[in-house]
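Since this is a predicted model, take the numbers as computed values, not measurements.
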Amino acid sequence: MVVDMDKEIEVSVICMTYNHEKYIAKALDTIISQRTDFNFEIVIHDDCSTDSTADIIREYEKKYPDIVKPIYEKENQYSKGADVFMELTLPQARGRYIAVCEGDDYWLDDDKLQIQFNAMEKHPEVDMCACGAVEMAESVESLEIRPRLSDGILPVEDVILGGGRYLATSSLFFRKELFDEFMEFEKVICFDYSNQIKGALRGGIYYVNRIMSVYRKAVENSWTKRIERDKKKREEHINTEIAMLRQLDIDTNGRYKECIERRITAYTPFCDQLQMHKDEALEELSGCKEKIYLWGLGMRGDAIQEFCQNEHIMLDGVCDKQNAHIGENTVYDFKIVDTEYVLANSKAVLASNHAIYDYLKKIGYEGLLIDFHKYMPLA
């Protein structure tokens, strides 16, 4: 991009980063490569990274001084309770519009900003635009985040029901004025999900049915990873999210009560959901006699391990796409094994979610394959 100094900044891309030395260059490259007929800037906030993230940002700042506008913290602000996005980064943005690409995510399409800018200019009745995305882990497994198969409006009811993973944060593009004032529900907790709800309240969210961004799932040091590892924090977050939805119901005078109540049921713990389908799961497992492995060590995987332990079902091992901690035991005392070993030796695999099930089907796994996601559908 070539910045025309005679033109104002139309779009500010906000990039928040912490210990993303493996990812930040890719994120910045895919933003800088955007083809636009307007000026944009990158407001990048480094929250006192302890790796080389800040040094990498300085290289880009030196090379693209008119585009890269960094904020370097001397102390970690997240640990102090600061809202890094709302309080520290968004106020520094000069654009009428805001796009988001966190330091461990990246974009796939060099026309992303122009396409979403054009969509928002064409649809003044909406405050937010999103596009299709890919959820990617550190392996071949991925999942499309695509709430509909054509361009159009996503109504607020669908955004509420969809939860935090209905749209990828890296796909969002919105009017900066959206957050000039805050409603009470945003004060309970302000994060990706509540921001998307706020973005939908006036006229829905305009969706562009084109895969243009990538969300890296559960990267080390990410908020998601920290929550997954800490059961107490996970429960606290769920309770806060429910409180946010209760306040949303008050703020909107009960207009979305039905879908809010339906969404709240989705917070039923995976263990409880699995217990509701206990008989069906046990019947399906009755066909598994030996060399049974669990694939997936996330929250659903934890629930499956607890279920198997309680029901005296012996797992020969568990594996995960990251292939970390091989040879160690999980907290449920099941041995962690390599995914290649599972593919070569298992006669049955319990897939902890749809993405794993689809992947194993795609590569032609020949053993008995059970999709346990269907017994824990709410998330």
Side-chain angles (χ1 to χ4, degrees), residues 11 13-14 85 96-102 105 107-109 111-136 142-179 182-183 185-186 189-215 217 241-242 244-245 247-249 251-267 354-355 377-379:
V11 176
V13 181
I14 288 184
F85 182 79
R96 292 191 297 125
Y97 292 109
I98 304 295
V100 182
C101 184
E102 295 184 354
D105 296 333
W107 293 342
L108 296 170
D109 195 316
D111 295 316
K112 177 185 181 295
L113 284 184
Q114 187 69 59
I115 290 170
Q116 292 189 285
F117 177 87
N118 292 345
M120 291 294 284
E121 291 285 283
K122 186 177 179 181
H123 294 277
E125 75 279 6
V126 303
D127 290 320
M128 184 174 284
C129 177
C131 64
V134 175
E135 182 181 279
M136 185 174 293
S142 64
L143 179 70
E144 284 190 353
I145 302 175
R146 180 175 261 171
R148 55 178 288 166
L149 298 178
S150 61
D151 293 1
I153 298 295
L154 303 172
V156 63
E157 292 87 351
D158 288 0
V159 176
I160 293 170
L161 288 171
R165 293 186 178 179
Y166 183 61
L167 298 168
T169 302
S170 60
S171 80
L172 300 182
F173 187 105
F174 54 89
R175 303 183 197 281
K176 186 184 180 185
E177 64 192 37
L178 175 65
F179 295 108
F182 288 88
M183 298 174 69
F185 81 92
E186 297 174 89
I189 181 173
C190 190
F191 70 127
D192 297 346
Y193 182 31
S194 59
N195 291 346
Q196 290 169 26
I197 293 172
K198 175 70 172 296
L201 284 177
R202 186 166 71 94
I205 294 175
Y206 189 82
Y207 173 72
V208 177
N209 185 40
R210 182 160 163 169
I211 302 292
M212 297 194 289
S213 69
V214 170
Y215 159 63
K217 181 182 178 183
E241 201 164 311
I242 290 172
M244 179 273 290
L245 288 168
Q247 184 60 49
L248 173 68
D249 186 36
D251 291 353
T252 55
N253 298 314
R255 182 177 180 182
Y256 306 108
K257 180 177 289 293
E258 182 180 350
C259 64
I260 287 172
E261 291 301 327
R262 284 174 59 195
R263 176 60 202 168
I264 287 173
T265 64
Y267 296 102
H354 289 326
L378 304 175

Check: Phe174 and Lys198 side chains under 4.5 Å, non-hydrogen atoms: no
Geometric class of the His123/Tyr206 ring pair [parallel <30°, tilted 30-60°, perpendicular >60°]: parallel
Donor-acceptor under 3.5 Å (Arg175 side chain, Val126 main chain): yes
Heavy-atom side-chain contact between Val100 and Phe85 under 4.5 Å: yes
Pair Val11-Phe173, side-chain contact (heavy atoms from CB on, under 4.5 Å): steps then yes or no: CA-CA 9 Å; Val11 176; Phe173 187 105; 3.8 Å; yes
Check: Asp192/Gln196 side-chain N/O donor and acceptor closer than 3.5 Å: no
Side chains of Ile197 and Met244 in contact at under 4.5 Å (non-hydrogen atoms): yes
Shortest non-hydrogen contact between Met120 and Cys129, atoms and distance: SD-CB, 3.6 Å
Exercise: identify the closest heavy-atom pair between Ser170 and Val214: OG-O, 3.2 Å
CD (Glu261) with more than 12 external heavy atoms under 6.0 Å: yes
Nearest-0.5 Å distance, OH of residue Tyr97 to CE of residue Met128: 13.0 Å
Leu167 side chain reached by Leu154 side chain, heavy atoms, under 4.5 Å: yes
For Glu157, salt bridge (charged side-chain N to carboxylate O under 4.0 Å, His left out) partners two or more places apart: none
Atom of Ala168, atom of Tyr215 and distance for their closest heavy-atom approach: CB-CB, 4.2 Å
Heavy atoms of other groups near Arg255 CZ, more than 12 under 6.0 Å: no
Sub-4.5 Å side-chain heavy-atom contact between Tyr166 and Val159: yes
Shortest non-hydrogen contact from Lys257 toward Asp249: NZ-OD2, 2.6 Å
Heavy-atom pair of closest approach, residues Trp107 and Ser213: CD1-CB, 3.6 Å
Closest contact, heavy atoms only, Val134 versus Ile211: CG2-CG2, 3.5 Å
Min side-chain heavy-atom separation Ile145-Arg165 under 4.5 Å: no
Distance-only polar pair, side chains of Glu241 and Tyr267, donor-acceptor under 3.5 Å: yes
side-chain contact (heavy atoms from CB on, under 4.5 Å) assessment of Thr252 paired with Val156: CA-CA 11 Å; Thr252 55; Val156 63; over 6 Å; no
Test item: Arg148 side-chain N/O and Asp151 main-chain N/O as donor-acceptor pair under 3.5 Å: yes
Close side-chain approach of Arg146 to Tyr207, heavy-atom, < 4.5 Å: yes
For Arg202, salt bridge (charged side-chain N to carboxylate O under 4.0 Å, His left out) partners two or more places apart: Asp127
Qualifying residue, where the test is side chain to side chain donor-acceptor pair (under 3.5 Å) with Asn118 and the options are Gln114, Glu121, Lys122: Gln114
Intermediate values then yes/no, side-chain contact (heavy atoms from CB on, under 4.5 Å), Leu172 and Asn195: CA-CA 10 Å; Leu172 300 182; Asn195 291 346; 5.6 Å; no
Arg263 NZ/CZ over Tyr256 ring centroid, <6.0 Å and within 45° of normal: no
Side-chain heavy atoms of Leu113 within contact of Val13, under 4.5 Å: yes
